[in-house]
Trainee: 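I have a structure here, written as C-alpha coordinates, and I will follow up with some questions on it.
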Amino acid sequence: MFEQNTRPYGKIEDGLPRWHVALRTKEYKTIDEKLQRSGVTFVPSTKIGVDVDFKELANEWGFSAVVLANGAWRDRPVPVDGADEYVGKGLVYQNPFVIAFNHDERGDRPDLTYELHDGAIILGGGLASIDVAKIHTLQRTVEELAKRGIESDVEELEIKGIPKILEKHDLKFEDLGITPPTIYYRRRIEDMPVMSAPEGADEARLKKVEAGRVRMVGKSTSKYLFNLEPLSAPDDLIVEDGRLAGIVFRRTKIENGRVVKQDETYEVRGPAIISSIGSIPEGIPGINMNG
(Lines give C-alpha, C1' and ligand atoms only; values in the text may rest on other atoms or scores of the structure.)
Protein backbone atom coordinates (compact mmCIF):
# COMPACT_ATOMS: atom_id res chain seq x y z
CA MET A 1 0.00 0.00 0.00
CA PHE A 2 1.53 3.26 -1.18
CA GLU A 3 0.24 6.27 0.79
CA GLN A 4 0.82 9.88 -0.23
CA ASN A 5 0.58 11.11 3.39
CA THR A 6 2.70 10.18 6.38
CA ARG A 7 -0.26 8.46 8.05
CA PRO A 8 -2.65 5.92 6.46
CA TYR A 9 -5.99 7.47 7.42
CA GLY A 10 -6.74 9.60 4.35
CA LYS A 11 -9.89 11.68 4.46
CA ILE A 12 -10.99 10.07 7.72
CA GLU A 13 -8.20 12.16 9.27
CA ASP A 14 -8.10 15.17 6.98
CA GLY A 15 -11.52 15.38 5.31
CA LEU A 16 -13.74 15.09 8.40
CA PRO A 17 -13.68 18.11 10.73
CA ARG A 18 -11.92 17.37 13.98
CA TRP A 19 -15.08 17.11 16.12
CA HIS A 20 -15.81 13.63 14.64
CA VAL A 21 -13.79 12.10 17.47
CA ALA A 22 -15.68 8.82 17.95
CA LEU A 23 -15.98 8.04 14.24
CA ARG A 24 -12.33 8.88 13.63
CA THR A 25 -11.14 6.68 16.50
CA LYS A 26 -13.25 3.77 15.24
CA GLU A 27 -11.97 4.07 11.67
CA TYR A 28 -8.35 4.44 12.79
CA LYS A 29 -8.66 1.12 14.64
CA THR A 30 -10.14 -0.60 11.58
CA ILE A 31 -7.40 0.69 9.29
CA ASP A 32 -4.65 -0.21 11.77
CA GLU A 33 -5.96 -3.78 12.04
CA LYS A 34 -5.94 -4.20 8.26
CA LEU A 35 -2.43 -2.83 7.86
CA GLN A 36 -1.09 -5.16 10.56
CA ARG A 37 -2.20 -8.28 8.74
CA SER A 38 0.42 -10.67 7.45
CA GLY A 39 1.55 -9.87 3.92
CA VAL A 40 0.63 -6.19 3.99
CA THR A 41 3.45 -3.67 3.47
CA PHE A 42 2.74 0.00 4.12
CA VAL A 43 4.85 2.60 2.27
CA PRO A 44 4.10 6.16 3.50
CA SER A 45 4.91 9.56 1.98
CA THR A 46 4.91 8.16 -1.56
CA LYS A 47 2.72 9.78 -4.20
CA ILE A 48 2.05 7.80 -7.37
CA GLY A 49 2.88 9.82 -10.45
CA VAL A 50 5.22 12.07 -8.45
CA ASP A 51 7.52 9.92 -6.30
CA VAL A 52 6.84 6.74 -8.29
CA ASP A 53 6.13 6.64 -12.02
CA PHE A 54 2.76 4.97 -12.61
CA LYS A 55 3.69 3.06 -15.78
CA GLU A 56 6.86 1.79 -14.13
CA LEU A 57 4.87 0.69 -11.07
CA ALA A 58 2.25 -1.08 -13.18
CA ASN A 59 4.50 -2.67 -15.79
CA GLU A 60 7.96 -3.20 -14.31
CA TRP A 61 7.69 -3.81 -10.57
CA GLY A 62 6.18 -7.28 -10.87
CA PHE A 63 2.82 -6.71 -9.18
CA SER A 64 -0.08 -8.93 -10.28
CA ALA A 65 -2.43 -5.93 -10.10
CA VAL A 66 -2.49 -2.25 -9.25
CA VAL A 67 -5.63 -0.99 -7.51
CA LEU A 68 -6.26 2.76 -7.48
CA ALA A 69 -7.91 3.86 -4.23
CA ASN A 70 -6.44 7.33 -4.13
CA GLY A 71 -9.57 9.19 -3.09
CA ALA A 72 -10.84 12.63 -4.05
CA TRP A 73 -8.41 15.29 -2.82
CA ARG A 74 -9.02 17.92 -5.46
CA ASP A 75 -11.93 20.34 -5.32
CA ARG A 76 -14.34 20.55 -8.23
CA PRO A 77 -13.64 23.95 -9.83
CA VAL A 78 -16.03 26.85 -9.33
CA PRO A 79 -18.19 26.83 -12.49
CA VAL A 80 -17.45 30.44 -13.43
CA ASP A 81 -14.73 31.33 -15.94
CA GLY A 82 -11.66 32.87 -14.35
CA ALA A 83 -12.58 32.01 -10.75
CA ASP A 84 -9.38 30.08 -10.04
CA GLU A 85 -7.33 33.20 -10.70
CA TYR A 86 -8.51 34.37 -7.25
CA VAL A 87 -7.52 31.37 -5.16
CA GLY A 88 -5.83 32.93 -2.13
CA LYS A 89 -7.26 36.29 -3.13
CA GLY A 90 -10.75 35.94 -1.75
CA LEU A 91 -11.46 32.40 -2.98
CA VAL A 92 -10.74 29.35 -0.83
CA TYR A 93 -11.42 25.71 -1.62
CA GLN A 94 -12.93 23.37 0.94
CA ASN A 95 -10.30 20.61 1.00
CA PRO A 96 -7.29 22.76 2.03
CA PHE A 97 -9.56 24.75 4.37
CA VAL A 98 -10.74 21.68 6.34
CA ILE A 99 -7.29 20.06 6.34
CA ALA A 100 -5.74 23.24 7.78
CA PHE A 101 -8.51 23.45 10.42
CA ASN A 102 -7.86 19.87 11.52
CA HIS A 103 -4.09 20.24 11.79
CA ASP A 104 -4.24 23.65 13.46
CA GLU A 105 -5.25 22.09 16.78
CA ARG A 106 -2.31 19.67 16.73
CA GLY A 107 0.15 22.20 15.37
CA ASP A 108 1.89 19.54 13.28
CA ARG A 109 1.51 21.32 9.93
CA PRO A 110 2.73 24.91 10.34
CA ASP A 111 2.70 25.24 6.55
CA LEU A 112 -1.11 25.03 6.55
CA THR A 113 -3.25 27.99 7.55
CA TYR A 114 -6.93 28.87 7.43
CA GLU A 115 -8.84 32.05 8.17
CA LEU A 116 -12.38 32.55 9.45
CA HIS A 117 -14.36 35.53 8.18
CA ASP A 118 -17.73 36.67 9.46
CA GLY A 119 -20.29 36.72 6.67
CA ALA A 120 -18.42 34.23 4.49
CA ILE A 121 -20.06 33.01 1.27
CA ILE A 122 -20.09 29.22 0.93
CA LEU A 123 -20.86 27.60 -2.41
CA GLY A 124 -22.24 24.11 -1.95
CA GLY A 125 -25.20 22.17 -0.67
CA GLY A 126 -23.92 18.85 0.64
CA LEU A 127 -22.67 17.66 4.01
CA ALA A 128 -19.18 19.04 3.34
CA SER A 129 -20.52 22.57 2.85
CA ILE A 130 -22.48 22.26 6.10
CA ASP A 131 -19.23 21.24 7.82
CA VAL A 132 -17.52 24.34 6.42
CA ALA A 133 -20.33 26.52 7.77
CA LYS A 134 -20.13 24.78 11.15
CA ILE A 135 -16.38 25.38 11.37
CA HIS A 136 -17.10 29.10 11.07
CA THR A 137 -19.88 29.37 13.65
CA LEU A 138 -18.42 26.89 16.13
CA GLN A 139 -14.90 28.32 16.14
CA ARG A 140 -16.06 31.92 16.13
CA THR A 141 -18.34 31.17 19.08
CA VAL A 142 -15.41 29.62 20.97
CA GLU A 143 -13.37 32.78 20.32
CA GLU A 144 -16.10 35.17 21.44
CA LEU A 145 -16.85 33.14 24.57
CA ALA A 146 -13.14 33.19 25.44
CA LYS A 147 -13.20 37.00 25.32
CA ARG A 148 -15.86 36.82 28.03
CA GLY A 149 -13.81 34.43 30.16
CA ILE A 150 -15.94 31.40 29.21
CA GLU A 151 -14.02 28.26 28.23
CA SER A 152 -15.48 25.99 25.56
CA ASP A 153 -14.38 24.06 22.47
CA VAL A 154 -15.79 23.06 19.10
CA GLU A 155 -16.41 19.48 20.26
CA GLU A 156 -18.70 20.59 23.10
CA LEU A 157 -20.52 23.11 20.92
CA GLU A 158 -20.97 20.57 18.11
CA ILE A 159 -22.51 17.99 20.42
CA LYS A 160 -24.79 20.29 22.43
CA GLY A 161 -25.42 23.01 19.88
CA ILE A 162 -24.53 26.68 20.10
CA PRO A 163 -27.87 27.97 21.53
CA LYS A 164 -27.82 25.51 24.44
CA ILE A 165 -24.31 26.52 25.49
CA LEU A 166 -25.12 30.23 25.17
CA GLU A 167 -28.31 29.81 27.20
CA LYS A 168 -26.25 28.25 29.98
CA HIS A 169 -24.33 31.54 30.22
CA ASP A 170 -27.38 33.82 29.75
CA LEU A 171 -26.20 34.83 26.28
CA LYS A 172 -27.78 34.99 22.86
CA PHE A 173 -25.96 34.53 19.55
CA GLU A 174 -26.66 38.18 18.71
CA ASP A 175 -24.72 39.17 21.83
CA LEU A 176 -21.52 37.75 20.33
CA GLY A 177 -21.51 40.09 17.34
CA ILE A 178 -20.92 37.25 14.86
CA THR A 179 -22.23 37.48 11.29
CA PRO A 180 -22.83 33.84 10.30
CA PRO A 181 -21.85 32.41 6.91
CA THR A 182 -24.42 31.59 4.25
CA ILE A 183 -24.49 28.49 2.05
CA TYR A 184 -25.75 29.17 -1.48
CA TYR A 185 -27.20 26.05 -3.13
CA ARG A 186 -28.36 25.74 -6.73
CA ARG A 187 -31.20 23.32 -5.88
CA ARG A 188 -34.00 23.20 -3.30
CA ILE A 189 -33.43 22.33 0.36
CA GLU A 190 -35.32 19.07 -0.17
CA ASP A 191 -32.78 18.16 -2.87
CA MET A 192 -29.73 18.49 -0.60
CA PRO A 193 -27.74 15.23 -0.55
CA VAL A 194 -27.77 14.90 3.23
CA MET A 195 -29.98 11.80 3.09
CA SER A 196 -30.10 9.16 0.35
CA ALA A 197 -33.23 7.80 -1.25
CA PRO A 198 -33.43 4.00 -1.62
CA GLU A 199 -32.83 2.71 -5.14
CA GLY A 200 -36.12 2.31 -6.98
CA ALA A 201 -38.06 4.32 -4.39
CA ASP A 202 -41.63 5.24 -5.39
CA GLU A 203 -43.05 8.77 -5.31
CA ALA A 204 -44.37 8.44 -1.75
CA ARG A 205 -41.01 7.25 -0.46
CA LEU A 206 -39.18 10.04 -2.29
CA LYS A 207 -41.48 12.61 -0.66
CA LYS A 208 -40.63 11.18 2.76
CA VAL A 209 -36.91 11.41 2.00
CA GLU A 210 -37.33 15.01 0.85
CA ALA A 211 -39.21 15.88 4.05
CA GLY A 212 -36.44 14.19 6.05
CA ARG A 213 -33.82 16.31 4.31
CA VAL A 214 -35.71 19.50 5.15
CA ARG A 215 -35.93 18.46 8.82
CA MET A 216 -32.26 17.49 8.93
CA VAL A 217 -31.10 20.77 7.37
CA GLY A 218 -33.42 22.76 9.64
CA LYS A 219 -31.97 21.06 12.67
CA SER A 220 -28.44 21.96 11.51
CA THR A 221 -29.22 25.62 10.87
CA SER A 222 -30.95 26.03 14.25
CA LYS A 223 -28.26 24.13 16.15
CA TYR A 224 -25.23 25.73 14.47
CA LEU A 225 -26.74 29.06 13.39
CA PHE A 226 -25.58 29.39 9.79
CA ASN A 227 -27.77 30.57 6.90
CA LEU A 228 -28.85 28.79 3.74
CA GLU A 229 -30.04 30.30 0.46
CA PRO A 230 -31.41 27.71 -2.01
CA LEU A 231 -32.10 28.00 -5.75
CA SER A 232 -29.01 30.16 -6.30
CA ALA A 233 -26.25 29.29 -8.77
CA PRO A 234 -22.95 31.22 -9.11
CA ASP A 235 -23.08 33.10 -12.39
CA ASP A 236 -20.34 35.74 -12.34
CA LEU A 237 -17.56 37.17 -10.18
CA ILE A 238 -17.40 40.49 -8.36
CA VAL A 239 -13.76 41.59 -8.43
CA GLU A 240 -12.49 44.64 -6.59
CA ASP A 241 -8.85 45.74 -6.22
CA GLY A 242 -7.59 42.45 -7.64
CA ARG A 243 -9.55 40.32 -5.15
CA LEU A 244 -12.72 38.29 -5.39
CA ALA A 245 -15.15 40.41 -3.39
CA GLY A 246 -18.38 38.59 -4.07
CA ILE A 247 -20.51 36.50 -6.40
CA VAL A 248 -23.32 37.27 -8.80
CA PHE A 249 -25.94 34.55 -8.29
CA ARG A 250 -28.61 33.53 -10.76
CA ARG A 251 -31.94 32.30 -9.49
CA THR A 252 -32.86 28.79 -10.52
CA LYS A 253 -35.85 26.47 -10.47
CA ILE A 254 -36.14 22.71 -10.67
CA GLU A 255 -38.00 21.18 -13.60
CA ASN A 256 -38.18 17.38 -13.95
CA GLY A 257 -35.23 17.06 -11.58
CA ARG A 258 -33.03 19.43 -13.57
CA VAL A 259 -31.68 22.86 -12.63
CA VAL A 260 -33.09 25.58 -14.90
CA LYS A 261 -31.52 29.03 -14.72
CA GLN A 262 -33.85 32.02 -14.51
CA ASP A 263 -33.42 35.62 -15.71
CA GLU A 264 -33.15 37.07 -12.19
CA THR A 265 -29.66 37.68 -10.77
CA TYR A 266 -28.50 39.22 -7.51
CA GLU A 267 -25.16 40.22 -6.02
CA VAL A 268 -23.67 39.09 -2.71
CA ARG A 269 -20.45 40.53 -1.33
CA GLY A 270 -18.42 38.88 1.38
CA PRO A 271 -14.92 38.82 2.88
CA ALA A 272 -14.30 35.26 1.66
CA ILE A 273 -15.84 32.82 -0.79
CA ILE A 274 -15.38 29.15 0.10
CA SER A 275 -16.19 26.63 -2.60
CA SER A 276 -17.53 23.29 -1.39
CA ILE A 277 -19.22 21.89 -4.47
CA GLY A 278 -17.63 18.46 -4.47
CA SER A 279 -14.31 16.67 -4.66
CA ILE A 280 -12.72 14.74 -7.52
CA PRO A 281 -9.53 12.66 -7.85
CA GLU A 282 -6.26 14.38 -8.58
CA GLY A 283 -4.84 13.54 -11.97
CA ILE A 284 -2.03 10.96 -12.06
CA PRO A 285 0.56 11.34 -14.84
CA GLY A 286 0.33 8.25 -17.02
CA ILE A 287 -3.41 7.72 -16.57
CA ASN A 288 -5.93 9.36 -18.90
CA MET A 289 -8.56 11.35 -17.03
CA ASN A 290 -11.87 12.57 -18.42
CA GLY A 291 -13.64 15.12 -16.23
Side-chain angles (χ1 to χ4, degrees), residues 15 17 72-101 113-140 177-194 213-214 217-218 220-221 224-255 258-280 291:
W73 292 90
R74 175 184 167 198
D75 286 273
R76 192 178 298 280
V78 174
V80 179
D81 288 345
D84 278 359
E85 296 176 20
Y86 300 98
V87 173
K89 295 181 285 186
L91 175 62
V92 179
Y93 275 110
Q94 168 225 314
N95 278 297
F97 178 84
V98 175
I99 292 170
F101 170 74
T113 59
Y114 75 100
E115 293 182 5
L116 299 179
H117 296 276
D118 282 3
I121 297 168
I122 301 172
L123 310 178
L127 289 170
S129 64
I130 290 176
D131 278 342
V132 170
K134 286 168 64 176
I135 287 173
H136 280 77
T137 56
L138 293 172
Q139 185 64 38
R140 286 288 292 116
I178 297 170
T179 303
T182 300
I183 298 174
Y184 293 85
Y185 181 44
R186 65 195 185 102
R187 291 179 173 270
R188 307 172 302 168
I189 293 176
E190 50 264 54
D191 298 319
M192 292 180 71
V194 296
R213 289 169 176 163
V214 172
V217 172
S220 290
T221 55
Y224 305 116
L225 304 178
F226 59 87
N227 299 320
L228 176 63
E229 185 69 33
L231 297 172
S232 301
D235 192 69
D236 203 356
L237 311 176
I238 301 173
V239 178
E240 296 174 353
D241 299 324
R243 289 182 58 83
L244 185 59
I247 297 288
V248 178
F249 289 97
R250 184 171 296 276
R251 288 293 183 188
T252 64
K253 66 177 181 178
I254 306 301
E255 290 184 353
R258 298 177 65 87
V259 175
V260 179
K261 293 184 176 181
Q262 304 297 289
D263 292 336
E264 179 189 353
T265 61
Y266 66 100
E267 296 184 357
V268 181
R269 283 173 166 76
I273 292 87
I274 303 172
S275 180
S276 180
I277 58 175
S279 298
I280 56 178

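Below, all heavy atoms of this structure are taken into account, side chains as well, without hydrogens, waters or symmetry copies.
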Trainee: Which heavy-atom pair separates Asn227 from Pro180 by the least distance, and what is that distance?
Mentor: ND2-CG, 3.6 Å

Trainee: Is there a side chain to side chain donor-acceptor pair (under 3.5 Å) between Asp75 and Ser275? Walk through the geometry before answering.
Mentor: CA-CA 8 Å; Asp75 286 273; Ser275 180; 5.9 Å; no

Trainee: Using every non-hydrogen atom in the two residues, find where Ile130 and Val194 come nearest and quote the distance to one decimal.
Mentor: CD1-CG1, 4.0 Å

Trainee: Apply side-chain contact (heavy atoms from CB on, under 4.5 Å) to the pair Tyr184 and Ile247, showing each step before the final yes or no.
Mentor: CA-CA 10 Å; Tyr184 293 85; Ile247 297 288; over 6 Å; no

Trainee: Can you name the salt bridge (Lys or Arg N to Asp or Glu O under 4.0 Å) partners of Arg269, sequence neighbours left out?
Mentor: Glu240, Glu267

Trainee: What residues, two or more places apart in sequence or in another chain, satisfy salt bridge (Lys or Arg N to Asp or Glu O under 4.0 Å) together with Glu255?
Mentor: Lys253

Trainee: Cut-off 3.5 Å, no hydrogens considered: what does the side-chain donor-acceptor table look like for residues 78-88, sequence neighbours left out?
Mentor:
unit_1 : atom_1 : unit_2 : atom_2 : d
Asp84  : OD1    : Tyr93  : OH     : 2.5

Trainee: Between Val248 and Ile238, what is the shortest heavy-atom contact and its length?
Mentor: CG2-CG1, 3.9 Å

Trainee: Report yes if some heavy atom in the side chain of Pro17 is under 4.5 Å from a heavy atom in the side chain of Phe101; otherwise report no.
Mentor: yes

Trainee: Checking Lys261 now: which residues fulfil salt bridge (Lys or Arg N to Asp or Glu O under 4.0 Å) with it, not counting sequence neighbours?
Mentor: none

Trainee: Could you work out, with side chain to side chain contact (heavy atoms under 4.5 Å, CB included) as the rule, every residue matching Arg187, not counting sequence neighbours?
Mentor: Tyr185, Asp191, Ile254, Val259

Trainee: side-chain contact (heavy atoms from CB on, under 4.5 Å) between Thr252 and Val260: does it pass, once the steps are laid out?
Mentor: CA-CA 5 Å; Thr252 64; Val260 179; over 6 Å; no

Trainee: Check side chain to side chain donor-acceptor pair (under 3.5 Å) between Glu264 and all other residues, then give those that pass, not counting sequence neighbours.
Mentor: none

Trainee: So, for Ile122 and Pro181, which heavy atoms are closest and what is the spacing to 0.1 Å?
Mentor: CD1-CB, 3.8 Å

Trainee: Within the distance-only criterion (no hydrogens, no angle test), does the side chain of Arg140 pair as donor or acceptor with the backbone N or O of Leu116 below 3.5 angstrom?
Mentor: no

Trainee: Are any non-hydrogen side-chain atoms of Thr265 and Phe249 less than 4.5 angstrom apart?
Mentor: no

Trainee: With heavy-atom distances below 4.5 Å as the criterion, would you say the side chains of Met192 and Leu228 are in contact?
Mentor: yes

Trainee: Carefully, step by step, assess Arg251 and Ser232 under the rule side chain to side chain donor-acceptor pair (under 3.5 Å).
Mentor: CA-CA 5 Å; Arg251 288 293 183 188; Ser232 301; 3.2 Å; yes

Trainee: List the atom of Asn95, the atom of Ser279, and the distance in Å for their closest heavy-atom pair.
Mentor: ND2-OG, 3.0 Å

Trainee: Would you give the length of the straight line joining atom CZ of Phe226 to atom OG1 of Thr182, rounded to the nearest 0.5 angstrom?
Mentor: 10.0 Å

Trainee: How are the rings of Phe97 and Tyr114 set relative to one another: parallel (under 30°), tilted (30 to 60°) or perpendicular (over 60°)?
Mentor: perpendicular

Trainee: Any chance you could measure Lys89, atom NZ, to Ile273, atom CD1, to the nearest 0.5 Å?
Mentor: 13.0 Å

Trainee: Kindly give the heavy-atom pair with the smallest separation between Ile183 and Ala133, and that separation in Å.
Mentor: CD1-CB, 4.0 Å

Trainee: Roughly how far, to the nearest 0.5 Å, is CG of Leu123 from OG of Ser129?
Mentor: 9.5 Å

Trainee: Evaluate side-chain contact (heavy atoms from CB on, under 4.5 Å) for Ile189 paired with Arg213, printing each intermediate quantity in order.
Mentor: CA-CA 7 Å; Ile189 293 176; Arg213 289 169 176 163; 5.9 Å; no

Trainee: How long is the gap from NE2 on His136 to CG on Leu225, to the nearest 0.5 Å?
Mentor: 14.5 Å

Trainee: What's the spacing between Leu138 CG and Tyr224 OH if we round to 0.5 Å?
Mentor: 7.0 Å

Trainee: Taking atom CD of Gln94 and atom CG of Asp131, what is their separation to the nearest 0.5 Å?
Mentor: 8.0 Å

